[in-house]
Amino acid sequence: MWVALCPAADVPDDDVLEVVRDGHVYCAYRIGGREYVTDGICTHAVARLAEGFVMDDFIECPLHNGRFHIPSGRAIDPPACDPLRTYPVRIEGGALQIELPG
Ligand code: FES
């Protein structure tokens with residue numbers, strides 16, 4: 001099921017936008033001209049990743065500096081070791097959409 005997350009124009013180039021939808025926190029990115037969406041809460045502890053730093057295609061957590069690869073969600077640097085969930089993304093009618101199960 002595809003759901004609209006935000007206007008595609010709101011997603012910043014080479015940076016991150018936090019979007020809360022139905023109580024779930026997401027991060028939306030445009031990296032090198034391509035959009036990505038991951039979960040917005042760090043898998044190590046409760047930190048909002050959108051308050052961290054985007055460098056190339058990595059995001060660094062603001063709390064303990066764990067790092068994730070945005071396209072794959074892979075945890076790159078400790079203390080983060082569990083991957084971030086990533087979502088299939090498309091743009092329809094100017095909206096950034098993600099695919100959710102069901
Ligand atoms: Fe993100 Fe610890 S909360 S690395």
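One-based numbering, in listed order, for ligands and for the atoms of each.
- Distance check, rounded to the nearest 0.5 Å: CD of E99 to CZ of R90 gives 7.5 Å.
- Between D56 and I31, the closest side-chain pair of non-hydrogen atoms is not below 4.5 Å.
- For the salt bridge (charged side-chain N to carboxylate O under 4.0 Å, His left out) test, residues two or more places apart in sequence or in another chain that qualify with E18 are R48.
- Of all protein atoms, those of element N, O or S that lie under 2.8 Å from atom 1 (Fe) of ligand 1 number 2.
- Side-chain atoms of D82 and H44 form no donor-acceptor pair, as typed in the model, at a separation below 3.5 Å.
- Here NE2 of H64 is found 8.5 Å from SG of C42. Values are rounded to the nearest 0.5 Å.
- Between the side chains of Y87 and D39, a donor-acceptor pair is found at a separation under 3.5 Å.
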